[in-house]
Structure formats: structure tokens, C-alpha cells
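Accompanying notes for the structure given below.
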Amino acid sequence: MHEQFPVQVSANEALTGGYFRLTLDAGTPVATAHTRPGQFVMLRGAWGRDLLNGRAFSVLEVLDDRRFSVLAKVFGRGTGLMKAMEPGDSMTCLGPLGNGFPVVDTSVTSLLVAGGVGLPPLHLYAREAAREGAAPAVEMIYGGRTRDDLVLTDELDAWQVAQTLTTEDGSRGVEGRVTVPLLDRLERASANGETVRILSCGPTPMLRAVRALALDRGVEAHLCLEEQMACGYGVCLGCAVPVHGPRPYAYCCTDGPVFPAQEVRWA
Amino acid sequence: MHEQFPVQVSANEALTGGYFRLTLDAGTPVATAHTRPGQFVMLRGAWGRDLLNGRAFSVLEVLDDRRFSVLAKVFGRGTGLMKAMEPGDSMTCLGPLGNGFPVVDTSVTSLLVAGGVGLPPLHLYAREAAREGAAPAVEMIYGGRTRDDLVLTDELDAWQVAQTLTTEDGSRGVEGRVTVPLLDRLERASANGETVRILSCGPTPMLRAVRALALDRGVEAHLCLEEQMACGYGVCLGCAVPVHGPRPYAYCCTDGPVFPAQEVRWA
Amino acid sequence: MGVTSSLDASGVDVGIDFGPIRLKNPLLTASGCFAYGQQFAGFMDLRELGGLSTKGISPAPRFGNPLPRIYETASGMLNSIGLENVGTQVFLEEKLPFLDALDISVWVNFFGTDFESYVECARTLGEGKDRGVSALEMNISCPNIKKGGIEFGTVPEVAHRLTKACVEATDVPIVVKLTPNVGDIVAMAQAVHEAGAAGISLINTITGMAIDVRKRRPRLATTYGGLSGPAIKPVALRMVHQVHAALPELPICGMGGIYSGEDALEFLMAGASCVQVGTANFAEPPAALRVLAELKTLLAELGFARAEDAVGSLESIPAEPPYKAEGAQ
Amino acid sequence: MGVTSSLDASGVDVGIDFGPIRLKNPLLTASGCFAYGQQFAGFMDLRELGGLSTKGISPAPRFGNPLPRIYETASGMLNSIGLENVGTQVFLEEKLPFLDALDISVWVNFFGTDFESYVECARTLGEGKDRGVSALEMNISCPNIKKGGIEFGTVPEVAHRLTKACVEATDVPIVVKLTPNVGDIVAMAQAVHEAGAAGISLINTITGMAIDVRKRRPRLATTYGGLSGPAIKPVALRMVHQVHAALPELPICGMGGIYSGEDALEFLMAGASCVQVGTANFAEPPAALRVLAELKTLLAELGFARAEDAVGSLESIPAEPPYKAEGAQ
Ligand SMILES: Cc1cc2nc3c(=O)[nH]c(=O)nc-3n(C[C@H](O)[C@H](O)[C@H](O)COP(=O)(O)OP(=O)(O)OC[C@H]3O[C@@H](n4cnc5c(N)ncnc54)[C@H](O)[C@@H]3O)c2cc1C
Ligand SMILES: Cc1cc2nc3c(=O)[nH]c(=O)nc-3n(C[C@H](O)[C@H](O)[C@H](O)COP(=O)(O)OP(=O)(O)OC[C@H]3O[C@@H](n4cnc5c(N)ncnc54)[C@H](O)[C@@H]3O)c2cc1C
Ligand SMILES: Cc1cc2nc3c(=O)[nH]c(=O)nc-3n(C[C@H](O)[C@H](O)[C@H](O)COP(=O)(O)O)c2cc1C
Ligand SMILES: Cc1cc2nc3c(=O)[nH]c(=O)nc-3n(C[C@H](O)[C@H](O)[C@H](O)COP(=O)(O)O)c2cc1C
Ligand code: FES
Ligand code: FES
């Protein structure tokens, strides 16, 4: 049984770079308690009818069986309204939806490649790995335009997850995009005979670059995609993702949002 | 030069019966400072595009050259959003618009007949009369369904304006509608050879009854009408009021909202 | 007569006869907005619905359009899904048994790519008669398919011919779903009515478009898409009212922007015998049941003993007292 | 060439040639949403507009419809004002001098109650040529008048004949304002184009309806009214794009739900040479000038040196890499 349930904002914390972390409380145990990294929720406030559908957000943190948080940035009107929300404001939530990343596997090194609002699934992944004592099996590569775009990095340090940060202007970490340290890391792995895989989420141009790199080098990669979604649960057929395989399109919400890189039919 | 100016909510006070008083502050001197009783403002919050147009509200109080208040009750979505507003929230305001009631005249007794959200113009009128030392020339007759529907009655007492209250359930004042004491008062005036006139604002059924009474007895009456308004300043031609005279329709926003009772073309 | 009685706590009898089709209540879900129903089983008791209309079925399976396929507009959304569906065969074998078991009115929405395939589709799906199919909802208004299509939904004579052929191909009642992208909706309704349609569904989406000015590109890969949601409700209501006024004996299933019981009642009063909830399902999977509950409450509050009494119950606004231009220049 | 130069701080040249009509910028205000202009003088410097379209004028003055005349719907509003106006005589004598003095493009919107009165109206208003009238915007889509009307706006041959007669009756360019309540907008556009129209205005309101379920009555006294505002923007844009694609040489004035510079730019990209702001004026009297300012900023930001370059600049979405159904069943 899927659930759509009411939630209340219990905190709305402004971070650097215009990001904010919205903590939501269902008041009672809900299905988000069992969210897998990469799964998402459809959220909607009491917004009247000019904003018709829910908005999709990856789960950032599962705080307990009734509370979770999301990380967002103002994109359009819906995220604008969310940024202005205050504790006590109510929303409806549908989820968790979709399929997450492959489970933590200590036999390979998982390179978590994140950019922008693509951080949440990988942040949750890193947390899960740390909890399972598998922190050494994951490494974060996380990029932004400038230092303000890199948020919640302390938490990874606390979990002792190795992280390489990049900024395009060099204001923090490596100068350049995430593909710079990623390429280095893949070369090192290949030199060492080490098995690595890539789990990535972020802006589509970044995912395209990551995918190209991975396909090029035959490295296993899983991409968490964003598509326009009206429903989030497989009925509107709006969230098509072009794929190779028996059908030309898969659905981001039900087949994804995480897809093996080689399945995605991108130029 | 008309003005549309931003205002901030400086207070939103819940009254009995679901009424609320919203105090708005323009931060700088604005035209509302010179509002005549019966004039109105078009108000709109930052509501997105499903609520297209401003909503009309009579001015209740002119607090100083930059602040004024309105009295409202939840009717639909716009007033619902207004009820939830908090100090600091912003709106845009256009006004004051339309024509008010005839000025205070100490040579006649003005019977102020108010019902529901029709109180503001008459409340403002009573205040004006009191300020001008003409409190004895006005008498308020104010009705509601039950005692909770009668608000701000203390203020009239403070200004020493005579008031007769009515409730349909008899929970406060005279049992029945405003027409009960109004009829009494008109008979008394006619017996005394006293000149009275009626200034009235309230729900349309009430105004119809007041008009019928006034026309019947040849008493001068001015009615403050409500019509659907899109603009409030004479361009949409939506707020037609059927009238007798050279044209079959007058416009509530520019020709009114106050009309002589005999001009209104009602059955 | 179904699991849920049409008479319940509200005291209102919500059973409706839609031509030959008995509905336990007037609330259906709309084609393309409810898939084949399964996804909703987790959210609601489907047996409480009056019925549902499936995603549009064509003789052969079809894949959908390139992306982007959807875009939100003011109080509405554009879609260009491309009538993706599993085809008649898979539908009858894999999807229908689930629906049959629900014991509600199952309307199988269908379309063809040309005249013959429409008729073939009607014939094949009509075989589902004893397996739960209570009506075939013929979509003659496919803004999103390229071949043929447009004339079926916009030229009365063509619609008449097509409807007649499909009606003759099957025993299952045919409900024709009309497109609002026409100048004269009454002419279209009349044409299909005379061809033997058991009723009509009004309205499909209105063709629209949006542009991403920063990319200088349409928001949808197909450039145009179908507009649905509250934005189109006034247009839908007007068409229902026009058709009902002209053809009071033709059953109408109304839709377009229904999000509340009040919306649904507007459609009934305008002349619809039942309604479908489409886009509203996306934000709220059990929307149709909330709308039904609200409708019942509202009918009771307004003194309707039977939902049927509300159908076409609109009165006109009383005339104003006559104007005499006494002082007119 | 007017008080405000078409080149300003933004660096974008916003001057536009709309067929024979030179506009200092592409922002006009829409008929029926700007009265005869005077009311707005208190809110804004009218001379900064590209132009304005007046309330529709008929040969004789007309009173409006009974009330209620307006109702708000989701992201839109319905109106049934009834084409109330002062008539050609009073317009030319009392309203035009004020507009003439503004030195902007004045489009006089007009209509008749039958064929002859259309032509008479065009002839009479055409006399205003040297008194500031730069175009006659012929409204052949009057949802709110009863007599005649409907065929003028919906039957291409009739529209052709009417347009031709009006074009021949005056030297002032005729811009024909089309109704969206048709199945084939391109056929209508082509008909009036071939009849000599200098351009077209797209779109007028879409006929709609709303019901007060508690009173069992329509929300408007005339039952139906015209839907305007953001709700109709996708439909308006689609029609502009359809016509521009089919008839690239026909100038189009686009409108329908324009509230921002981004909205306006969508219309330009779809193929409109200029736009009108209608319903937006009600909530915000100087809306058109805000839209103009936003449009200039946006054009500059997107690298358009001239507004003209944006007209019809839409590109299509690149095709997806081909799909090979390797594993397909
Ligand atoms: C699986 C998934 C997970 C996501 N996770 C996050 C997250 O953790 N944090 C975050 O900030 N954002 C996330 N997004 C993107 C987020 O959903 C959009 O930014 C948001 O919908 C924009 O809404 P808006 O009203 O602000 O923008 P508007 O532009 O007003 O939205 C208009 C319409 O476009 C849709 N839309 C716009 N951009 C996107 C987009 N990139 N993806 C999907 N739909 C879009 C909206 O849903 C809406 O229907 C995710 C999207 C998906 C599909
Ligand atoms: C001159 C004038 C003065 C008014 N003064 C007051 C006042 O002091 N206090 C108060 O509470 N209300 C007053 N009203 C009524 C107030 O404008 C409506 O209650 C309000 O517009 C309802 O908006 P909504 O969004 O809550 O309702 P909705 O029903 O959502 O509104 C839908 C549409 O109907 C219009 N509308 C609905 N009811 C009315 C109405 N009765 N009159 C005019 N338009 C309406 C709205 O403006 C909007 O366009 C006044 C109206 C007028 C014309
Ligand atoms: C995403 C989507 C897909 C649709 N697919 C179909 C379809 O396959 N067949 C059909 O007849 N109508 C289809 N429709 C139209 C709806 O059934 C309905 O007629 C229309 O959306 C208006 O109702 P609404 O405003 O409640 O959504 C679709 C609508 C949407 C939004
Ligand atoms: C209240 C009102 C009155 C209108 N009157 C006229 C008119 O007299 N003549 C005309 O051609 N269009 C008239 N229109 C249509 C507008 O000019 C415009 O075409 C339409 O409203 C769409 O634009 P919008 O969404 O920006 O308002 C009127 C629109 C409204 C809302
Ligand atoms: S978002 Fe509706 S099917 Fe995926
Ligand atoms: S409200 Fe627009 S003319 Fe009166």
C-alpha cells in the first residue's frame, strides 16, 4: 500500500549558496522510514491550483520513522514557496518512490559523484555506508560552481567518508568540474587493478559527462536522473527516459530514477 | 494621479464571528489618508496567478497618513489567504476608489444601517461625525445573525454614537433584523416631523429591504453596494449596477459604490 | 449491484443510468490519468468508484513520444504522451482480469490509426464484454498522433461514419470522446449521437503550447500538447451545457479540471450524467473518491435526494426589472 | 518617431514594423481592458506604450449586458460585458483627441451588428486617419453579442468577404481579431490575409462558463462568457505558432494571458510581431510597461540586439539518438 500523508515542516534551515534543508515530520510512523538512497518523495504545499502537481525531491536524511529531510534550491515557484516555509506549515507527501542505488557493497569501491541538488541520494548513501561500517568502501566526489555551492560537507568528514571537493572557480578543493578528480581516480583504479563503480546524481550535463567517461572506460555506473514528473508513481507517463532495450522509453519514477549508465539512450 | 502602492500587514486581529481586522502600513504617506466613508481599496497579496484580480474592501479606519485598516470575513480563497496573513506580509493596494457617502450634515439625522461586512463605511462615518462633534446627528442600527457577528461596538459607545443592535436569534440587542428598529425609528421621525436619511451598507438582501422601506416612505437613502469587480477603477465594466436614468447601468466602482436608493433598478 | 450501495450515509441515492450503462455513482477516473488502475489499488478501494476509463488502447502496442512530454502551465498542464499503450491483446489478457474483479463500470478507451483499425479495435475489445468491459470510450480526438486522426474528431460526417462502423462492430455501448478543438461541438455531438453512440465524453484536452525562452525551444518535444486541469474547466462546462441544451436525451460524461465535489456538481447541473477525474489524480491518487465524498455531502446539503435530480438542473438568472430610458438623451 | 526612442538603456532596439504599421515597441494594451486610455493616464506615462487598442466601437452606442458580468476562474476570468461602447461619433469627437496627443499607435477596435454596419463602422472610423488612428482592429469574434456575429468569425468565406469590404472602405490598415473558438485557425487567418488584412490579432477570449451550485444558476447573466488570463496562454501561443508556421508573412499581434516579459517573449518567439496585455491591467494598471521593461531586460540578457530578431525565432527540440529495438519482443 502506497501512502500519501500529511507532513509538517519542523525546520527549514538556510544553507550557503541558496540551498535550504527542509525537515518534515509526519507525526506518525510512515514509509519514508525505509527510504533507499535515490528514492524520492512528491511534495506539495497548500498552494492553490496554479501549481498543480507535486514536486519531486530526493530524500536527504531519514531522521527517524516519522521524520525526514530534503535539500533544495529555488528553481521556480514551487521551490520558491518551499524556501519561504516555516515550522508548522503543512504539506502533503507521497513516497518514498522509485528505486534507489544498488546496496552498499564492500567488494568494490563506490565513487559517489554529486553535483548541486544531486547531493541528497549520495549523502544518504554515504551515511548508510558509514552506519554499516563500510565508510572505506565509498568515496565522495562533490562539485559546485563556487565554495558556497558545497553544503553539508562536515557531515561526511564526521562519518570519515573520504571526499574530494571541486569548484569551478577554485575557491574550495580542486579547481574544475567533478570529472577532473573522477578521471584521476579511474586511472588510479585501473593502474591498481582496483574495482570501482560510479554512483552519480546531479545536473544533466554533469551526468552526461560522467556517463561518457564511464562508458569509455567500461566502468559500471548508475545515474540518478531528473525528469519532469506529474505523478511520481507511474500513471502519467510524463517522465519518459530514452533507453536502449526492449522499449525505447523507461519511466524515471518507476523504473528509475536510478538507471545503469549504458541503458540510457543519450547522444 | 491614482496610486497603486505596496503595503505591509502591521496587525491582523481576529474578532468574534470569524471577522478579522487587518491593519496595513504603506510606510510613506499615501492617498488613503483622505478616504471618505464608503470608499474602498483593491487589495492583493503575493498569491500567484490562480487569484487573478484584487479584492475590494471598504476602508474601516484611517489611522494616519500611511496606515489604514479593513474589516473582513472569510468568503472565498482571497479572504482566506488574508485571514492567515501575519505582520510583515506584503500586499499591493489600489485606492481609495469610488465615491463615499454624503458628508456629515447636522441638519438631519443620519441613520447608519449596517449588516455584516457592511460595517466599515458606517463605522468610519460615525467616527468622522464624532470627530466633527456631530455624534448626535448620527445613529447606528447594526445587525447580525448572532451576538458574535456584532464587532467593534465598544468604539461607537466610546464616541457616544447612539447604537441599536439587532440579532436574529436575540442573543444581543433587539431580536430580528435591522429593519425592525429601522421601521420604528422612521415612524418616530415621521411622528416628530424630524428629517432623517438612511445610509446603509450590508448584504444585498438587507439593502433591498432597506431600500423598499425608504422608497415606501419617501425617506432619502444612500446604499453602498457590492458588485463583482475585476479592476475597481472603471475599465473592465464588470461591476455594472442596474439603474434608472439616462443609461441602464452605472458602475459600482466609479459611479458608486454609494448610490441613491431610488436610482437603483431592483425589483 | 456492486459492493457499495448507491445509497449511503449521506442519504443521497448516487446511482446513475448513463444510457444503457448503470453506474453505482457518477464518479469515474479519466483515460490516461489512471493507467490500467493497478497503481491505484495501493491508494484506495477502487470498488468505491463509479467506474474508470483505461489508458487509450490501439490494436497494436504503441510506444510514446520523445521527451519532454509534460509541462505545467497556470492552473493546468500540457501533455504529449503519444498514446503509449499495451495494445488490445495484452490489455485483454493481462490488464482486464484485474479490472473485471473490481465490479465497477470499466470503460475501455480506444483509438485506431485509421478507419479500419478503429473498427478492428472496437470489435476486438468488444470481446471483453463478458469479462468486465461495460463501455468502449472511443477517442476520436488524438492531438498527439500524427497519422489521420484530425478529421475523425473535427468533421461531423467523418465522425458519424466512424462511429456507426464501430457501433455495428460490437455489442458493447460506444461512448464517443470528443475533442474541444472544434468550432461547433453540438454538430459533432449530434453526428455521433445519430450514428448510435450511447453517450459522449466531453472534453478531451485543448491543444496548447509553451516555450522555454532561454533555450528558444518548445517545452514539449512535439511542440504542441494537450492542456488539462482547472484552467480548462470553464470551456469544458460550456461545451457540456451547449450539448445538453441542444440534445437533452444524449448522455454526457463531463470532464476537464474537476478537483472537488463542487466542480463535479457544476458538470452535473450543466447536463452531465457522470464525470471523470483526470489530472487531479496526479497530485492526489485517491482524488476521485474525495470528490465523490464531497459531491455526496453537497448534494445532501442542497436537498437533492438523488444525484440524477441534479443532472441538468441549472436554472437561468432571473431577468432584471425593465429599464426605461426616461432621462435618456 | 515618438517621445521614447526605440533604443534605450537596455541597448535593445525594440522598434517593430507590424506590416505597414510602425511601432516604437511591441507592447500594446488589449481591447476592453484599457477602456479609451484616460483612466490609465493617472497610473503611467501612456506615451511609453507601443500602442493601445480601444474598447470595441460600433456605429451606434451600445449598453452592456445584465449582471453579473464577470467571474474569476482558476488563473482566468470570464466576462460578458456585452461590447458596451460610446459609438463611432462620440469616440471620434470625445475620445480620439486624447489618444491622438499621445503619439503612440492607436488601434481602434470595432465591430458591427451586421455586414453593412461593419463596413459603415470601418468607413467612419477610417476618417480618424489624420487624427491619430493608425489601425482598425476588426473584432469578428463577439461571443457576447447575439445577432449575426458567429459566422463572421468562424466561416472562412464569410470572414473573407467581410474583411475585403472593410479593407476597401478605408485607407487605414485593418487588423482582424480572430476568435479561438474555431477548429482551424489557420484557415481563418488565411481567409482574412487574402482579403487584404494588414495583420491579425490572436486571440480573443475562449467561450466558457461557470455555475454557482448553491443558487443553481450560471455565474454570468448571459450564461456564457469569454475566458481570458493565464489559463488561456497555452492555447493562444499554439494558435500564434500555427498561423506563423503556415503564413510567415502575415503579421500577428499575439495576446492571451500575458503577465510578464517572459510571457511576451514566448509570443514573439512563436511568431507574433507585437503583443497586447489585457486582463493583467485589471490587477495592475501599469502592467504593460512592466512587461515591456522585463521584455527589454530579457532580450538583452539573451543576446537579441533587436526585438525583431526574436520574432519567430523558435527552434525545435533536437531529435533523440535513434532507438534500436535490439531486445524487443
Ligand atoms: C527524482 C527527482 C529528484 C529530485 N530531487 C531534488 C532534490 O533533492 N532537490 C531539489 O532541489 N530538486 C530536486 N529535483 C528537482 C525538483 O523536482 C525541481 O527543481 C522542482 O520540481 C522545480 O519546481 P518549481 O515549482 O520550483 O519549478 P517550476 O519551473 O515552476 O516547475 C514547473 C514544472 O516543471 C517541473 N520541473 C521543473 N524542473 C524540473 C526538474 N529539474 N526535474 C523535474 N521536474 C521539474 C516541476 O515539477 C513542475 O511541474 C528532483 C527531481 C526529480 C525528478
Ligand atoms: C465596494 C466593495 C467593498 C467591499 N468591502 C468589503 C469589506 O469591507 N469587507 C469584506 O469582507 N468584504 C468586502 N467586500 C466583498 C469582498 O470584496 C469579497 O468578499 C471578496 O472579493 C471575496 O474574495 P474571495 O477571494 O474571498 O472570494 P472568491 O469567491 O474566491 O472570489 C471570487 C471572485 O468573486 C469576487 N467576489 C466574490 N464575492 C464578491 C462580492 N461580494 N463582491 C464583490 N466581488 C466579489 C472576487 O473579487 C473574485 O473576483 C466588498 C466588495 C465591494 C465591491
Ligand atoms: C497525461 C494525460 C494523458 C491522457 N491520455 C488520454 C488518453 O489516452 N485517451 C483519452 O481519451 N484522453 C486522455 N487524456 C485526457 C483526459 O482523459 C481528460 O479528457 C482531460 O485531461 C481533461 O480532464 P482533466 O482536466 O480532469 O485532466 C489524457 C490526459 C492527460 C493529462
Ligand atoms: C473584460 C474584457 C473585455 C473585453 N472586451 C473586448 C472588446 O471589446 N473587443 C475585443 O476585441 N476584445 C475584448 N476583450 C478580449 C481581450 O482584448 C483579449 O483578446 C483577451 O482578453 C485575451 O487577452 P488577456 O488574456 O491578456 O486578457 C475583452 C477582454 C476582457 C477580459
Ligand atoms: S511521473 Fe508520472 S509516470 Fe512517472
Ligand atoms: S470594477 Fe472594473 S469597471 Fe468597475
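To find a chain, count down the sequence lines: A is the first, B the second, and so on, and within it residues start at 1. Predicted model, so just to flag it, every value in this text is computed and none were measured.
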Sort by residue number and list every residue of residues 223-232 of chain A having at least one heavy atom under 4.5 Å from chain C.
A:E227, A:Q228, A:M229, A:A230, A:C231
Atom group of C:P286 that falls short of 4.5 Å from chain A, counting heavy atoms:
side chain
If you apply the rule salt bridge (Lys or Arg N to Asp or Glu O under 4.0 Å), what do you find for C:E84 with C:K55, and how did you get there?
CA-CA 8 Å; C:E84 170 155 353; C:K55 179 83 194 144; over 6 Å; no
Any chance CZ of A:R147 has more than 12 other-residue heavy atoms, nucleotides or ligands included, within less than 6.0 Å?
no
Show your reasoning for whether side-chain contact (heavy atoms from CB on, under 4.5 Å) applies to A:V113 and A:M206.
CA-CA 9 Å; A:V113 184; A:M206 182 194 102; 4.1 Å; yes
Restricting to ring-ring contact (aromatic ring centres under 6.0 Å, His included), what partner residues turn up for C:F34, sequence neighbours left out?
C:F40
Assess C:R69 against A:Y249: is NZ or CZ under 6.0 Å from the centre of the six-membered ring, and within 45 degrees of the ring's axis?
yes
Would you mind checking which part of A:R49 comes under 4.5 Å of any heavy atom in chain C, side chain (CB onward), backbone (N, CA, C, O), both or neither?
both
According to side-chain hydrogen bond (donor to acceptor under 3.5 Å, both in side chains), does anything in residues 84-103 of chain A pair up with another residue at least two apart or in another chain? List the pairs.
none
Apply the test salt bridge (Lys or Arg N to Asp or Glu O under 4.0 Å) to residues C:R47 and C:D45: give CA-CA distance (whole Å), side-chain angles for both, the deciding distance (0.1 Å), then the verdict.
CA-CA 5 Å; C:R47 294 167 302 174; C:D45 184 352; 3.0 Å; yes
Largest heavy-atom contact set with chain A, pairs under 4.5 Å, which of C:P285, C:A283, C:P68
C:P285
Audit row: C:N181, C:S141, side-chain contact (heavy atoms from CB on, under 4.5 Å) steps and yes/no:
CA-CA 9 Å; C:N181 299 299; C:S141 48; over 6 Å; no
Need one label for C:E284: side chain, backbone, both or neither, based on atoms under 4.5 Å from any heavy atom in chain A.
both
Return the option, out of A:C239, A:P248, A:P242, with the maximum number of heavy-atom pairs under 4.5 Å with chain C.
A:P248
For A:Y19 and A:V117, run side-chain contact (heavy atoms from CB on, under 4.5 Å): C-alpha distance rounded to whole Å, both residues' side-chain angles, the deciding distance at 0.1 Å, then the answer.
CA-CA 8 Å; A:Y19 290 87; A:V117 293; 3.7 Å; yes
For C:S260 and C:D263, does a side-chain donor sit closer than 3.5 Å to a side-chain acceptor?
yes
Listed by residue number, which members of residues 53-80 of chain A have a heavy atom under 4.5 Å from any heavy atom of chain C?
A:N53, A:G54, A:R55
Do A:D148 and A:T146 pass the side-chain hydrogen bond (donor to acceptor under 3.5 Å, both in side chains) test, and can you show the C-alpha distance, the side-chain angles, and the key distance before you say yes or no?
CA-CA 6 Å; A:D148 283 351; A:T146 179; 5.8 Å; no
Go through it in stages, so that I can follow the logic: the residues are A:V219 and A:I198, the test is side-chain contact (heavy atoms from CB on, under 4.5 Å), and I'd like the CA-CA distance, side-chain angles, deciding distance and then a yes or no.
CA-CA 7 Å; A:V219 176; A:I198 299 172; 4.1 Å; yes
